[in-house]
Every structure is written in structure tokens, then in C-alpha cells.
Peer 1: 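My questions will all concern the structure given below.
Letters A, B, ... mirror the listed sequences (proteins, then strands); counts begin at 1.
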There are 2 protein chains.
Amino acid sequence: MSLLTADRAAVGSARTRVYAALRDAILDARYAPGRKLSENELAGQFDVSRTPIREVLATLRDERLVEVVPQVGTLVTRISDEGVRDAAFVREALECAAVRLAAERARPDDVAGLRDDLKAQGRAVAAGDHRLFDRLDDELHQRLCVISGRAIAWDLSRRANGHLARVRRLSLPDPDYLDAMLAEHRGVVEAVAAGDADRAEDALRHHLRMVLSALPALRASRPEYFADPDPEG
Amino acid sequence: MSLLTADRAAVGSARTRVYAALRDAILDARYAPGRKLSENELAGQFDVSRTPIREVLATLRDERLVEVVPQVGTLVTRISDEGVRDAAFVREALECAAVRLAAERARPDDVAGLRDDLKAQGRAVAAGDHRLFDRLDDELHQRLCVISGRAIAWDLSRRANGHLARVRRLSLPDPDYLDAMLAEHRGVVEAVAAGDADRAEDALRHHLRMVLSALPALRASRPEYFADPDPEG
DNA sequence: GAGCCCCAACTTGCATACTAGTGTCCAATG
DNA sequence: CATTGGACACTAGTATGCAAGTTGGGGCTC
């Protein structure tokens, strides 16, 4: 623990630091699906004791990113159809409801903030910076939820998003994909700016479903990241 | 820890037991909003160490039922307009989306299960057993989510439901209220049975919003349970 | 050589000790 | 009498030790 006390409070205690790092590593598949994690090993890597590690793993378990088996170990979950469908369902339900409210409530400075985000996304696409685009993507969705007055929609959406977020991150290297995403973001933002709740909802719903289109290709290229397919549509 | 090992596994470890008891106590306001909780005291009451208590409190913090202030204490949150609105929003978004799917997918035995639940609710209303009705109410909503194929909708709905659940439990003593709730449940179930997604969604939306109608009376009768009103609609 | 059994090493769950920070209460002082 | 300073009791966060259980491999037996 090399941080000063004040910094620890600002950064949010060891737990926050470990959580962010570990979640990021799982989403990037640096901790690959199926890999076994050891509380002791992680404690050593992050230079903290097992206690905060255990709290972080409990949070990640709620997000379905890890599976804790008592007396056996903690595993990074494989990406499952069920998990991806659940995440997509939750995001669609919560964010589509939120974007309707956002369209009704958005004020000029809210719209300006959304457009700033779009511009930054345009620069990220031009620069081919997938990682930055990914962050700005999340930020845009968060902004929409905040504008709706129901910021909790983003909190829950994000928490339920683990399996889907891995699909998204692992699929990013296609430039056409980024262009399409950006175009869809623009459509959502313009509908919100116009105060058109129906159009905003439709645009966002379509957008959220598009992420799923990358799934079959990813499964084909990285079958070891996936659990066995399940038949349900 | 007086339970056998097998029972502990079935019951789900000390944490599950403590979680259920503590959550129930908070929802019933036996631990009143605003009350300070002590990890040490709770550990003594439940005859476990602070570790599982802390895990439970972390979960309850995610549900916004307690607020943990470092180096100060853990408080039962007061019921807030924001918290109630957030809970209502999340339930409406998730469960309305789920009930549409349920209406499309429900099979005869699913419908039979729903109707069994309704009958039990009728008996509970006749007997004036609010507590039982409350459980059956949750069960019905859960069934609908399970039928939809998106059981996660209920998981998240329940987790986000803390503030609203307290309103519901504390408001129960009105018999007309129970009658009205039961009638609305019937409307939802019949729409699902008929495979009418639009009607099911409308009925459920209306139903979920009705819970909010009990809020002003409760606030008037128990102002000490509530945080200061906030102006937003 | 094949199969079975047992043990050792590892796992998480829980209990406990320690650290650092906060608020309160009382006493001393202006 | 009011106010301020300080000690003390209590808090949550973290570290560590102990208990119970699983797994996999090595050695013994057939």
C-alpha cells in the first residue's frame, strides 16, 4: 500500500482499486474464461490481504464474472448464451425505459454533453482507438441514464453487463463495426435532442441488439472462451 | 452454529441465514430506518463473527437498505422518494419487459402455476394474512419472470426493491388494498394466459404503479421513517 | 502393468487481532 | 457560564490464523 491516506480515500480504498483492475482484466480476457483464480495469489499480486480480495470476488460473482466454488476455487466464468441474453435483456429493458424519460427531460446542456461525447467517439474511431471508444460508449449510455433522472438504470445495467461486455471488448477490432456503432449512437442522441421518446427507444433498442451480432463470429474464433451452446432462442 | 453440515449447505451457510433475517428485520422496520447497526453487536446476536456480517451488510448496501460510513457506522437508510422511485422504475422496466415474453411463452402448466398462486392469494386475503399475501405476491412476480425465460429480471427486481418493499410491508394493514392487488394480479395472469403481451404489460405496469399510491399515507403516519421529501416528480 | 487408496497440498469460509480514524463527553480554562 | 481541548470509547478496514473440505497425484496392491 504505497498510497497516502488521502489518496486512498479519493481512489476509494484498496477494494475499489482491486475491483477495477480485476474486472478490467476479466473483461479483456487477460484472465481468460475458465481460468482458476486463487485468493492468495491475487492477494500477493495486489499486495493486500485476502479480505479485500474476497469482497471484490463477491462483487464479481454478483456480476456473474466469476464463480466461487467453496473449498475448490474461484473460476472466471465462461461466456454463456444465457449470460449474454440476460445481459442484453436487462440493458434493453432498463436503458430503453430510461431513454424515453431522457428524451422527455433533456435540457440543452444535456444534449450538448451528449454531442461532446459523440465528437470524442468520432475522434476515437478515426484514430482506431477501440479502447477509448469503448469507454466513451459506456459514458454515453451512462449520460442518457443520468439525464433520465434514473441513474440507477446505468448502475444495474453495468452490473448485469459482464458477459455482454466481454463480447463487445473481444469483438472490437473490426473498424466497420465502430462506424456502425457511432452512427447508431448519433441516431439515439438526435432522437433525444428532438424530444422524440418513441424514436429514441427504437433507436436504442436496435443499437443494443446489434452488439449481439458479433457473437457468432467471436464464438467461432475463440470457442474456448464459451460455455457449451444452449438451444434456446 | 447448531446446524449439521448438510443442513448448513442446504440452508446456504451462515451468510444466507443472517442475510434473510437481517433483510426481513429491516423491511419490517424492526430495525427502523435511521437506526445505527453495529457489526460487533450483530455478530453477537447472530452468533457469528464479523466477517459474514460484513458480507451481508455489503449486500444490503447494494440494495440501498443500509449505508456504510467508514469509521463511523452502518445505518439503516431512511425511505427516500428517490429510492422508491428508483425501485419502481426498475421493477416496471424489467418486469414489464419480462411479462411480455411470459405472455408469448407461457405453457398450460405455467398458467396453472400462476392460477394456483392466485388461489392461495385469495385464501390469504380472506384470512387477512398480510404476511402470507406478501410472500405469494413476490412468488407470483417471480413466476412471471421465470416463465419469461429471464429469471434474472426477478433477481435484479428484488435486489433493487428495498425501499419499495418497505413501503409495501408497512402499508399492508388495509384490506381494500389487498383486494385491489389481488384483482390486478388476476388481470395480469389472465392476459398472460390469453397470450396477450400488450394487455399483460399494461396490467402489470398499472399494478406496479399502484403500490406507490400507499406512499403519502405512510409518510404521513410514520414521518420518522422517511428522508426529507425531494421536489422532483 | 493396471487399478485403487490414501495422503498431502491446496482451496474457500470463518474467527480473531490489529490499525487508523471519528465522534462524544467531560473537564479545564478564559 | 461558555467554550475549547483532549482523552476515550467505538467504528469500519485490513491482516492473519485456523478449520473443514476437495482434488490430484504418488505409492502400494493385486
Peer 1: Rounded to whole Å, how long is the line connecting atom CG of B:Leu75 with atom C1' of C:dT22?
Peer 2: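 It is 13 Å, rounded to the nearest whole Å.
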Peer 1: Taking the side chain of A:Ala14 as heavy atoms from C-beta outward, which of D:dT14, D:dT22, C:dT12 is closest to it?
Peer 2: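 In terms of side-chain proximity for A:Ala14, the closest of D:dT14, D:dT22, C:dT12 is D:dT14.
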Peer 1: Could you give the CZ-to-P distance, from A:Arg17 to D:dG13, as a whole number of Å?
Peer 2: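 A:Arg17 atom CZ is separated from D:dG13 atom P by 16 Å.
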Peer 1: Out of curiosity, B:His141 NE2 to B:His207 NE2, how far, rounded to the nearest 0.5 Å?
Peer 2: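 The NE2 atom of B:His141 sits 3.5 Å away from the NE2 atom of B:His207.
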Peer 1: Given D:dT11, C:dT11, C:dA15, which nucleotide is nearest the side-chain atoms of B:Val48?
Peer 2: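 The answer is C:dA15.
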Peer 1: Does C:dT11 have OP1 or OP2 sitting under 4.0 Å from an N or O in the side chain of A:Ser38?
Peer 2: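 Yes, within the criterion.
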Peer 1: To check you understand the geometry: which heavy-atom pair defines the closest contact between A:Ser171 and A:Leu218, and what is its length?
Peer 2: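 Looks like OG-CD2, 4.0 Å.
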Peer 1: Starting from C1' on D:dT11, measure out to CD on B:Gln71 and report it in whole angstrom.
Peer 2: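 Going from B:Gln71 (CD) to D:dT11 (C1'), I get 6 Å.
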Peer 1: Tell me which residues in residues 50-65 of chain A lie within less than 4.0 Å of DNA chain C, going by non-hydrogen atoms.
Peer 2: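 Nucleic-acid contacts, sorted: A:Arg50, A:Arg54.
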Peer 1: To the nearest angstrom, how far is A:Phe46 atom CZ from D:dT14 atom P?
Peer 2: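 Result: 14 Å.
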Peer 1: Ignoring hydrogens, what is the shortest heavy-atom contact between A:Ala14 and A:Val48? Give both atom names and the distance.
Peer 2: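 Closest heavy-atom pair between A:Ala14 and A:Val48: CB-CG1, 4.0 Å.
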Peer 1: Rounded to the nearest angstrom, tell me the gap between atom CG in B:Leu42 and atom P in D:dC10.
Peer 2: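 In whole Å, D:dC10 P lies 16 Å from B:Leu42 CG.
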Peer 1: Which heavy atom of B:His185 sits nearest to which heavy atom of B:Leu140, and what is that distance?
Peer 2: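 Nearest pair, atom of B:His185 first, then B:Leu140: CG-CD2, 3.4 Å.
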Peer 1: Kindly give the heavy-atom pair with the smallest separation between A:Ala160 and A:Val90, and that separation in Å.
Peer 2: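 Heavy atoms only, the tightest pair is CB-CG1, 3.8 Å.
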Peer 1: Round to a whole Å and report the spacing from CD of B:Glu41 to C1' of D:dA9.
Peer 2: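 Going from CD in B:Glu41 over to C1' in D:dA9 covers 15 Å.
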Peer 1: Counting only heavy atoms not in A:Arg30 (residues, nucleotides, ligands), do more than 12 fall under 6.0 Å from its CZ?
Peer 2: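 Counting neighbours around CZ of A:Arg30, more than 12 heavy atoms of other residues, nucleotides or ligands fall under 6.0 Å, so yes.
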Peer 1: Determine the minimum heavy-atom distance between A:Cys96 and A:Leu204, stating which atoms define it.
Peer 2: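 Looking at all heavy atoms of both residues, the shortest contact is N-CD2, 3.9 Å.
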Peer 1: To the nearest Å, how far apart are B:Glu39 CD and C:dA17 P?
Peer 2: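 For the pair B:Glu39 CD and C:dA17 P, the rounded distance is 16 Å.
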Peer 1: What does A:Leu37 touch in the nucleic acid at a heavy-atom separation under 4.0 angstrom: a base, only the sugar-phosphate, or nothing?
Peer 2: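 The residue A:Leu37 makes sugar-phosphate contact but no base contact.
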